[in-house]
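On a predicted model such as this, the values are computed, not experimentally measured, just so you know. Below, chain A is the first sequence line, B the second, and so on; all start at residue 1.
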Amino acid sequence: MPELPEVETVRAGLAPVLTGRRIDAVRVLHPRPVRRHVAGPDAFASALVGRTFAAPRRRGKYLWLPLTDGDAVLAHLGMSGQFRVDAPDAPLQRHARVLVDLGDGVQLRFVDQRMFGGLSISTGGAELPPEIAHIARDLFDPELDMDALVESAASRRSPLKRVLLDQTIVSGIGNIYADEALWRAREHGETPANDLTPDAVRRVLHAARDVMANALVQGGTSFDALYVNVNGESGYFDRSLAVYGRAGQPCHRCGTPISRVPFANRSSHFCPQCQRKPRTRRNPSR
DNA sequence: CTGTGGTCCTGTATGC
DNA sequence: TGCATACAGGACCACA
């Protein structure tokens, strides 16, 4: 699924298109992506007509499209969601789920193969949708309290990688960038977070921020057509990945073959030489 | 409270 | 070729 750099690429692509545009018509082609709107797909569509978008915003992997009246359309891309900007008469994508006509020959499309993500209307959510109040600030949020985050993360007993993926601790990091950050920081994802010193935890978080910043300037990571920007173009960061998707290939630092092991119904990738699981606690003060 | 495992979907790649 | 299986970038919820 798209992680922070991919979602931010989408937000930046939507901003000039959506801001100030009025919604002329909405068509819901599949009910699942609007399942959180309890009044149903037709009510979702009719509720939006005539309203006007303000500038799109993002926290972690959540995106919201504020309306000028104070509500918002809250969006999550899940594993395979895309926003596309097309002409209304352009051929429909195979998994197009929701169409939003914006006038001036612009149609916003929510396309989603697996439909883990979706859209909902957030009442009063223009500033911050209450539905995502539990999502922590991400590593690019100017109001992030890094010291508090380090303290919070370094106090967990959970494996370090699980802490990185916990969106209520720090948001925006997914499986790819967690693995990449751990490799950069030379830490093993199975190490209990509270076995690390706060400084070590801080280094991991800085590595996560750095790798995501690098991905962002390349338009994000994509392995196939599942992640694309609003114009349907792929990013190029996959060429820069050090461990993700490189099982069996040599570590760029030491040449040791990259390991891939099952983790929470997916996989973890790491260098077994550079990223040792410490046998003894390095932070015995805890 | 914290930590963990299963589940929601569809599609593609791989192996027999 | 046909079929079965594994796997895919996430979040949520139930349960221990």
Q) In whole Å, what is the span from the CD atom of A:Gln82 to the P atom of B:dC9? A) 20 Å

Q. So, A:Lys61 and A:Glu3, do they make that salt bridge, N to O below 4.0 Å?
A. no

Q) With sugar-phosphate meaning primed atoms plus P, OP1 and OP2, does A:Arg162 contact a base, only sugar-phosphate, or nothing at under 4.0 Å between heavy atoms? A) base

Q.
Classify A:Arg260 by what it touches in the nucleic acid, base, sugar-phosphate, or nothing, heavy-atom distance under 4.0 Å.
A. sugar-phosphate

Q.
What's A:Phe263 touching, base or sugar-phosphate or nothing? Going by heavy atoms closer than 4.0 Å.
A. nothing

Q.
When you measure from the centre of the six-membered ring of A:Tyr62, is the NZ or CZ of A:Arg59 closer than 6.0 Å and no more than 45° off the axis?
A. no

Q | Where at least one partner belongs to residues 159-168 of chain A, residue pairs that pass salt bridge (charged side-chain N to carboxylate O under 4.0 Å, His left out), sequence neighbours excluded | A | A:Lys161-A:Asp179

Q | Interatomic distance, A:Met79 CE vs B:dT7 C1' [rounded to whole Å] | A | 12 Å

Q | Whole-Å C1' distance, C:dC13 and B:dT10 | A | 22 Å

Q.
Counting the atoms with a prime plus P, OP1 and OP2 as sugar-phosphate, which does A:Arg97 contact under 4.0 Å by heavy atoms, base, sugar-phosphate, or nothing?
A. nothing

Q: Provide the Watson-Crick or G-U wobble partner of B:dC9, both distances under 3.5 Å; none if there is no partner.
A: none

Q. Think A:Ser267 has a side-chain N or O under 4.0 angstrom from the OP1 or OP2 of C:dC7?
A. no

(Q) Could you check whether A:Asn229 and A:Gln82, counting side-chain N and O atoms only, form a donor-acceptor pair closer than 3.5 Å? (A) no

Q) Can you check whether A:His95 has a side-chain N or O nearer than 4.0 Å to OP1 or OP2 of B:dC9? A) no

Q) Is the cationic atom of A:Arg11 (NZ for Lys, CZ for Arg) positioned less than 6.0 Å from the six-membered ring centroid of A:Trp64 and within 45 degrees of its normal? A) no

Q. Does CZ belonging to A:Arg157 count more than 12 external heavy atoms closer than 6.0 Å?
A. no

Q.
Taking only side-chain N and O atoms of A:Ser158, does any of them lie within less than 4.0 angstrom of OP1 or OP2 on B:dT4?
A. yes

Q | Integer angstrom distance from the C1' of C:dA11 to that of B:dT12 | A | 23 Å

Q) How close or far is atom P of B:dC1 from atom CG of A:Asp166, stated in whole angstroms? A) 14 Å

Q: Return the value, rounded to whole Å, for the distance between atom CG of A:Leu164 and atom P of C:dA11.
A: 13 Å

**Q.** For atom CG of A:Leu29 and atom P of B:dT10, their distance in whole Å
**A.** 15 Å

(Q) Within the 4.0 Å heavy-atom criterion, would you say A:Arg266 contacts the bases, only the backbone, or no part of the nucleic acid? (A) base

Q. Given C:dA8, B:dT10, C:dA11, which nucleotide is nearest the side-chain atoms of A:Gln167?
A. C:dA11

Q. Can you check the A:Ile169 CD1 to C:dA11 C1' distance for me, whole Å?
A. 15 Å

Q: Give one of base, sugar-phosphate or nothing for A:Pro33, where a contact means two heavy atoms less than 4.0 Å apart.
A: nothing

(Q) At less than 4.0 Å, is any side-chain N or O atom of A:Arg94 found next to OP1 or OP2 of B:dT10? Yes or no. (A) no

Q.
Applying a 4.0 Å non-hydrogen cut-off, can you work out what A:His30 is touching in the nucleic acid: base, sugar-phosphate, or nothing?
A. nothing

(Q) Please give the distance between the P atoms of C:dC12 and B:dG11 as a whole number of Å. (A) 24 Å

(Q) Could you tell me if the side chain of A:Cys254 sits less than 4.5 Å from the side chain of A:Cys271, heavy atoms only? (A) yes

Q: Find which nucleotide of DNA chain B each of A:Pro159 and A:Phe116 is nearest to by heavy atoms, and output the residue with the more 5' nucleotide.
A: A:Pro159

Q: Tell me which of A:Arg156 and A:Asn265 sits closer to the 5' end of DNA chain B, going by the nucleotide each one is nearest to.
A: A:Arg156

Q.
I need the CD-C1' distance between A:Glu190 and B:dT4, as an integer number of Å.
A. 14 Å

Q: Nearest whole angstrom, please: distance from the P of C:dA11 to the CG of A:Asp112.
A: 13 Å

Q. Which base, if any, makes a Watson-Crick or G-U wobble pair with B:dC1, both distances under 3.5 Å?
A. none

